[in-house]
Amino acid sequence: MKRILVTGALGQIGSELVAKLREIYGNDAVVATDLRSSAHEITRTGPFELLDVTNDKAMYEIAKRYQVDTIIHLAALLSATAEEKPLLAWNLNMGGLMNALEVARELKCQFFTPSSIGAFGPSTPKDNTPQDTIQRPNTMYGVNKVSGELLCDYYFHKYGLDTRGLRFPGLISYVTPPGGGTTDYAVEIYYAAVTQGKYTSYIAKGTNMDMMYMPDALTAIIDLMEADSSRLTHRNSFNVTAMSVDPEAIAAAIRKEIPGFTLDYDVDPKRQAIADSWPHSIDASAAKAEWGFRARYDLDAMTKDMLGHLGGRQL
Ligand code: NAD
């Protein structure tokens with residue numbers, strides 16, 4: 001039987017991933033952990049433990065106590081916040097990852113951690129960004145993510161640890177708000193559409209970035225973890241994406257459901273600079289070829305579903 005430890009479980013990805021993993025593998029099989037507690041239902045539907053991932057001994061003790069065989073390491077500081085607090089980002093993003101890898105090595109666990117389109121930089125080809133390409137990011141988050149990809153590859157080659165990972169684009173969900181990323185606008189815009197019928201974007205018109213709907217992201221994690229190891233060449237950094245969009249494109253899709261929706265701009269230079277350093281659209285062909293990645297939601301399907309859940313159709 002699988003036993004999975006999830007760090008940063010109360011975040012945007014973790015809160016939905018834990019629920020889905022518990023549906024598949026059973027409530028007791030998934031140990032959710034986070035730095036903070038909350039009234040979220042994942043703290044009640046199965047095991048929940050307080051865990052600061054920079055505390056290696058505490059992580060080892062919890063993993064050992066629950067006899068986990070899989071670690072899904074999500075705790076991190078995201079791109080915009082990491083740029084504000086680079087030292088904290090280094091300590092949490094690299095220290096936490098190193099601790100999680102060491103616990104996985106000692107307990108012989110399968111291991112997953114997400115990378116990001118932030119692992120690319122200004123000198124990376126921006127269109128149809130290849131799986132294997134130049135990675136010279138100029139943000140602390142990007143530096144952490146490239147280092148993390150390399151570190152996970154190192155643990156595979158050096159210790160034979162079954163490490164796997166995805167380079168996520170901006171993830172869009174109606175369940176848990178995002179935690180300080182550059183693509184957060186693509187979630188906020190839907191909430192604003194439903195509550196106010198208008199949105200002011202901090203990302204400029206014409207700034208294309210990759211995005212994916214959360215259900216596709218969760219399926220991608222589970223499919224990659226279940227994939228036959230011998231088929232994987234790019235273990236720790238598969239490009240995955242569902243769409244490349246700018247604020248206008250999302251607004252146009254929203255107007256098909258809420259015709260009066262209006263969009264204007266008040267660009268935040270800090271987050272815009274991060275967005276400008278990222279690709280416009282990435283190539284996910286390695287993920288498709290090596291483990292059958294497929295995104296089910298395009299922009300229109302995602303928009304309908306988001307607004308449906310947020311109550312937009314009633315407006
Ligand atoms: P989030 O910010 O929503 O959640 C992070 C969680 O980590 C929070 O619940 C927070 O309380 C917890 N945390 C913070 N410090 C901690 C510590 N010291 N110990 C334990 N927990 C701590 O993040 P997310 O969006 O769920 O992202 C999860 C992972 O996915 C991160 O590695 C992130 O870089 C990556 N990622 C996310 C996106 C996205 O759009 N959400 C895109 C690309 C990559």
Side-chain angles (χ1 to χ4, degrees), residues 5-20 31-38 40 42-43 48-56 58-59 62 71-85 88-100 103 111-120 137 139-149 151-152 165-173 175-188 209-214 216-218 220-221 236-243 271 274-275 278-279 282:
L5 176 82
V6 181
T7 71
L10 288 170
Q12 195 199 10
I13 298 177
S15 55
E16 289 191 61
L17 180 64
V18 166
K20 183 155 178 134
V31 185
T33 70
D34 204 289
L35 181 65
R36 61 198 165 93
S37 191
S38 108
H40 196 285
I42 65 159
T43 63
F48 177 82
E49 298 279 347
L50 285 176
L51 172 65
D52 178 347
V53 295
T54 61
N55 183 339
D56 56 347
M59 198 191 301
I62 291 171
I71 295 178
I72 297 186
H73 177 60
L74 302 176
L77 216 57
L78 269 57
S79 55
T81 319
E83 227 27 47
E84 296 299 314
K85 300 174 183 170
L88 175 65
W90 179 269
N91 289 335
L92 169 54
N93 294 354
M94 300 316 301
L97 175 59
M98 188 54 114
N99 289 342
V103 171
F111 188 85
F112 174 89
T113 199
S115 184
S116 155
I117 53 170
F120 298 116
T139 62
M140 177 51 91
Y141 183 70
V143 169
N144 297 163
K145 287 303 185 190
V146 180
S147 310
E149 290 179 9
L151 201 55
C152 291
L166 300 167
R167 283 185 193 131
F168 276 136
L171 299 180
I172 296 170
S173 154
V175 180
T176 305
T182 304
T183 54
D184 291 7
Y185 90 86
V187 178
E188 290 170 8
M209 286 185 277
D210 285 284
M211 306 280 173
M212 188 151 76
Y213 201 30
M214 190 61 85
D216 281 331
L218 303 183
I221 295 173
N236 291 303
S237 49
F238 284 100
N239 286 359
V240 286
T241 183
M243 64 198 85
R271 283 178 287 183
I274 299 175
W278 289 359
I282 61 173

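One-based numbering, in listed order, for ligands and for the atoms of each. Excluded from the calculations below are hydrogen atoms, water molecules and symmetry mates; all remaining heavy atoms, backbone and side chain alike, are included. Counting from 1, the numbers follow the sequence of the chain as shown.
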Please report which non-hydrogen protein atom sits nearest to [atom], along with the residue it belongs to and the distance in Å to one decimal place.
atom                    : result
atom 7 (O) of ligand 1  : Gly8 CA, 3.5 Å
atom 12 (C) of ligand 1 : Asp34 OD1, 3.4 Å
atom 18 (N) of ligand 1 : Asp52 OD1, 2.9 Å
atom 20 (C) of ligand 1 : Leu51 O, 3.1 Å
atom 34 (O) of ligand 1 : Tyr141 OH, 2.5 Å
atom 42 (C) of ligand 1 : Pro169 O, 3.3 Å
atom 43 (C) of ligand 1 : Phe168 CB, 3.3 Å
atom 31 (C) of ligand 1 : Leu74 O, 3.4 Å

Taking Phe168 as the fixed residue, which of Ile117, Ile221, Asp210 is the one that meets the side-chain contact (heavy atoms from CB on, under 4.5 Å) rule?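 With Phe168 as partner, Ile117, Ile221, Asp210 yield a single side-chain contact (heavy atoms from CB on, under 4.5 Å), made by Ile221.
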Identify the residue among Leu97, Asn144, Leu35, Leu77 that makes a side-chain contact (heavy atoms from CB on, under 4.5 Å) with Leu92. Leu77
Ligand 1 versus [X]: contacting region, heavy-atom distance under 4.0 Å:
X     : result
Gln12 : both
Leu92 : side chain
Ala9  : neither

Flag yes if more than 12 heavy atoms outside Met98 fall under 6.0 Å of its CE atom; otherwise flag no. no
Using a 4.5 Å cut-off on heavy atoms from C-beta on, say whether the side chain of [Y] contacts that of [X].
X      : Y      : answer
Trp278 : Thr183 : yes
Asn93  : Tyr141 : yes
Leu171 : Met211 : no

Sub-3.5 Å N/O-N/O distance, [X] and ligand 1:
X      : answer
Ala75  : no
Pro178 : no
Thr183 : no

When you check the side-chain N and O atoms of Glu16 and Ser173, is any donor under 3.5 Å from an acceptor? yes
Before giving the answer on side-chain contact (heavy atoms from CB on, under 4.5 Å), spell out for Phe111 and Ile72 the whole-Å C-alpha distance, their side-chain angles and the decisive distance to 0.1 Å. CA-CA 6 Å; Phe111 188 85; Ile72 297 186; over 6 Å; no
Close-contact set for ligand 1 against Arg36 heavy atoms, below 4.0 Å: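 So the atoms of ligand 1 that pass are 8 (C), 9 (O), 10 (C), 11 (O).
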For the backbone of Met140 and the side chain of Lys145, can you confirm whether one donor and one acceptor N or O come within less than 3.5 Å of each other?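 Here the side-chain-to-backbone pair does not exist.
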Walk me through it: do Phe120 and Ile282 pass the test side-chain contact (heavy atoms from CB on, under 4.5 Å)? CA-CA 10 Å; Phe120 298 116; Ile282 61 173; 4.0 Å; yes
Can you check which of Gly11, Ala58, Ala76, Pro114 brings a heavy atom nearest to atom 35 (C) of ligand 1?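 The residue whose heavy atom sits nearest atom 35 (C) of ligand 1 is Pro114.
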Electrostatic pair Glu149-Arg167, nearest N-O below 4.0 angstrom: yes
So, 4.0 Å and heavy atoms of Arg167: is ligand 1 close enough to count as a contact? no
Would you say Ser115 contacts ligand 1, with heavy atoms under 4.0 Å as the rule? yes
